[in-house]
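This chain uses plain numbering: 1 for the first residue, then up along the sequence. In listed order, ligands and their atoms are each counted from 1.
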Amino acid sequence: MIKKITVRKGREKSLKLRHPWVFSGSLDLHGVERCAWAELVDCNGNFLAYATVNPDSKIACRVWSFDPADTPDREFFRKKIASALRFREKCNFAIDNVHGVRLINSEGDGLPGVIADDYAGVIVVQFLTAGAVEFKNIIAGLLFEMVPGAAAVYEKSDSAVLAKENLPVSDGLMLGKLPEKCVIEENGAKFEIDFVNGHKSGFYLDQRRNRDILSRYVRGRTVLNCFSYTGGFGVKAALGGAEFVTNVDSSAPALAQGAENMKLNGIDSSRFEDVEGDVFSLLRKFRAEKRKFDFIILDPPKLVQSRGDLNRAAKAYKDMALVALHILNEGGMLANFSCSGLMPRELFQKITFDAALDAGRTLRMVEFLEQDADHAWSLNVPESFYLKGHLMMAD
Ligand code: SAH
C-alpha cells in the first residue's frame, strides 16, 4: 500500500506549478516517518504527485513524479537518466571518456538530490536527499550501464546540505575500477581531477563556458585569479595568452593541484604565481603595495547560505568588488561572480554598481555569465539557477 499524505488546503499551489518541494508546514506529518514513495493528495483526496518523505528536513517532501502511473522501478529511473543524457547530447556536450560533463543536476533533471559528474569516464555521484539515498544503487547501476565510456562510479556524498537532511556522509567506489590518474579535456585545456580529496565532486564544471569566454579577453594582460581553486580560470587565461597569472586561494592543496594543471598544459612557471591566503586581506595588501592588474576574477564560494545571510553577504560582495576596482588598471576588466542561488542577479548587479560608485569607476557590461547548460535548471524550479556573473570593463 502506498502511503497517502494530505497537503493542506491552499498549499498545493506550488505542486500545480510542478514545483517539486513541499515544506513541512504544508503537511500534516504527525507520526509520518521517512518513506521512499508516498502519494501526495489534496484535501479532497485527489492525486497531486509522488514524493519521498523526510520529516527531518524543512523540505519534508520532494517530488519525483507528477504522473499517477509511475512507480519507482528501474524503468522509471532509466527514463529519467535517458532524458538527462539526451539533454546533454543535444546541447553538444561530449559524453565520452575524455571530457568532463555534469550528467544529472538534481531538481534540474527531475531527480532531487542526485548529482552525477562524468570526469573522463569516472562518474562521481552525490546523493544528498533521503530519496536520492534510497534509490542510489539503482541510479548508480543505470549510470554505469548507460553512460558511454563509463569506467567507474564513485560516491562522494559529503556536502554540507546532508546535515540539513539529517543524512550521513558516504563515500567510496560503487562500481567499476578507478584509473590511476583522472584527467579531463576542456576547450583546449587539460585538468587533473582529484575527486577523492577535492571540493564538491572534484572540479567546478559549472564555470566551463565562462572560463572559455574570459580566455578570449586576456591576451597580453596581467590576470588576478581570486579563489582560484585548482586553477580553472588561471590555466585557460594562460592558454589564452595572458602575460602573467596570479592565483589566490586559501587552500594550499588546491593551489598545488593548480600548479600541476599549469604544468600539464605546458605553461612555464615564469608565467604564473600562486599566493596562499585570504582574498579579502590580499586585495588590501596589493592595494597598499600599489600593485595593479589588467584583469581581475572574483569567484568566491557560496556566501549566502540562507535568506538571513543576504545583508552580510551583500557587504562582503561589495567590499571585495570595491577593493578589486582600486587595483584594476584603466581599461581593465572585472569578472565578478556569485554562486549563491539566494542572491538575485539584479541585486548582484546593484551591489557591483555600488562598489563602482564608491571606487569612482564606470563599469561597462561586456558579457552576462551563468552556469553552463549541463548544470541544467528548468523553468519550474528557478532555484536551480545559481551561478551568475558579470564581465565588465572599467574606465
Ligand atoms: N574559480 C574556481 C572555483 C572557486 S571555488 C574554479 O573555476 O575552479 C572557491 C575557492 O575559494 C575554493 O578553492 C576555496 O579554497 C577558496 N576560498 C574560500 N574562502 C577563501 C578566502 N577567504 N580567501 C581565499 N580563498 C578562499
Side-chain angles (χ1 to χ4, degrees), residues 100-102 117 119 124 158-160 182-187 189-195 197-215 218 223-240 242 245-262 264-265 272-286 295-305 309 312-313 315-321 323-324 334-341 343 369-372 374-375 386-391:
V101 56
R102 174 154 296 191
D117 288 333
Y119 295 116
V124 182
D158 69 350
S159 161
C182 177
V183 175
I184 61 160
E185 278 186 30
E186 180 187 293
N187 297 318
K190 287 193 176 80
F191 295 105
E192 185 183 348
I193 313 297
D194 180 357
F195 44 83
N197 303 303
H199 297 174
K200 299 214 288 189
S201 72
F203 196 56
Y204 290 85
L205 292 171
D206 52 356
Q207 289 282 24
R208 179 197 307 103
R209 179 163 59 197
N210 302 329
R211 282 192 277 270
D212 206 38
I213 292 174
L214 264 51
S215 71
V218 295
V223 176
L224 175 60
N225 179 19
C226 298
F227 308 96
S228 57
Y229 188 50
T230 55
F233 282 108
V235 166
K236 283 290 291 177
L239 290 175
V245 179
T246 302
N247 294 307
V248 179
D249 204 283
S250 55
S251 156
L255 284 171
Q257 181 66 65
E260 278 298 311
N261 284 334
M262 286 286 201
L264 195 61
N265 288 277
F272 71 94
E273 66 174 337
D274 295 324
V275 186
E276 184 188 334
D278 169 49
V279 164
F280 293 85
S281 4
L282 276 164
L283 287 173
R284 288 193 161 70
K285 182 167 167 276
F286 290 145
F295 200 113
I296 300 179
I297 301 160
L298 299 174
D299 182 25
K302 187 166 157 187
L303 297 182
V304 193
Q305 307 293 344
D309 275 351
R312 188 194 48 76
K315 286 200 183 85
Y317 282 118
K318 181 185 165 186
D319 177 53
M320 208 163 27
V323 191
L334 174 67
N336 199 22
F337 291 100
S338 167
C339 64
S340 305
M343 169 62 72
L369 308 165
E370 53 205 36
Q371 68 212 54
D372 208 345
D374 56 338
H375 289 59
Y386 63 98
L387 178 64
K388 59 239 134 215
H390 300 122
L391 175 61

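- Taking only nitrogen or oxygen atoms, main chain and side chain alike, Val279 reaches within less than 3.5 Å of ligand 1.
- Each of Val183, Leu205, Val235 was scored for a side chain to side chain contact (heavy atoms under 4.5 Å, CB included) with Phe191, with one residue passing: Val235.
- Taking any N or O of Asp278, backbone or side chain, at least one lies under 3.5 Å from an N or O belonging to ligand 1.
- Between Phe227 and ligand 1, at least one N/O pair is under 3.5 Å apart.
- Counting protein heavy atoms only, atom 24 (C) of ligand 1 is closest to Gly277 O, 3.2 Å.
- The aromatic rings of His375 and Tyr386 are tilted relative to each other, their planes meeting at an angle between 30° and 60°.
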Next item on the list: Starting from the C-alpha separation in whole Å, work towards a yes-or-no answer on side-chain contact (heavy atoms from CB on, under 4.5 Å) for Asn187 and Lys236.
Entry: CA-CA 9 Å; Asn187 297 318; Lys236 283 290 291 177; 3.6 Å; yes
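- Gln257 and Asp194 are not linked by any side-chain donor-acceptor pair at a separation below 3.5 angstrom, with hydrogens and angles left out of the test.
- Among protein heavy atoms, the minimum distance from atom 7 (O) of ligand 1 is reached at Arg211 NH1, 3.2 Å.
- Ion pair Lys200/Asp117 not flagged as a salt bridge, since none of the NZ, NE, NH1 or NH2 atoms sits closer than 4.0 Å to an Asp/Glu carboxylate oxygen.
- The protein atom (non-hydrogen) at minimum distance from atom 1 (N) of ligand 1 is Asp299 OD2, 2.6 Å.
- When each atom of ligand 1 is checked for a heavy atom of His199 under 4.0 Å away, the hits are 12 (C), 13 (O), 14 (C), 15 (O).
- Each of the atoms 15 (O) of ligand 1 lies under 4.0 Å from some heavy atom of Ser251.
- Each of the atoms 1 (N), 7 (O) of ligand 1 lies under 4.0 Å from some heavy atom of Phe233.
- In terms of polar-atom proximity, defined here as any N/O pair under 3.5 Å, Thr230 makes no such contact with ligand 1.
- For a threshold of 3.5 Å applied to N or O pairs, the pair formed by Gln207 and ligand 1 contains no separation below that value.
- Here the heavy atom of the protein found nearest to atom 17 (N) of ligand 1 is Ser250 OG, 3.5 Å.
- You'll find the ring centres of Phe233 and Phe337 inside the 6.0 Å limit.
- Of all protein heavy atoms, the one lying nearest to atom 15 (O) of ligand 1 is Asp249 OD1, 2.6 Å.
- Between Phe280 and Phe227, the ring planes lie perpendicular to each other; the angle is over 60°, past the 30° to 60° tilted range.
- Contact of the Leu391 side chain with the Asn210 side chain is not registered, since no non-hydrogen atoms from C-beta on lie closer than 4.5 Å.
- Counting protein heavy atoms only, atom 18 (C) of ligand 1 is closest to Pro301 CG, 3.5 Å.
- Between Tyr229 and Tyr204, a ring centre-to-centre spacing shorter than 6.0 Å is recorded.
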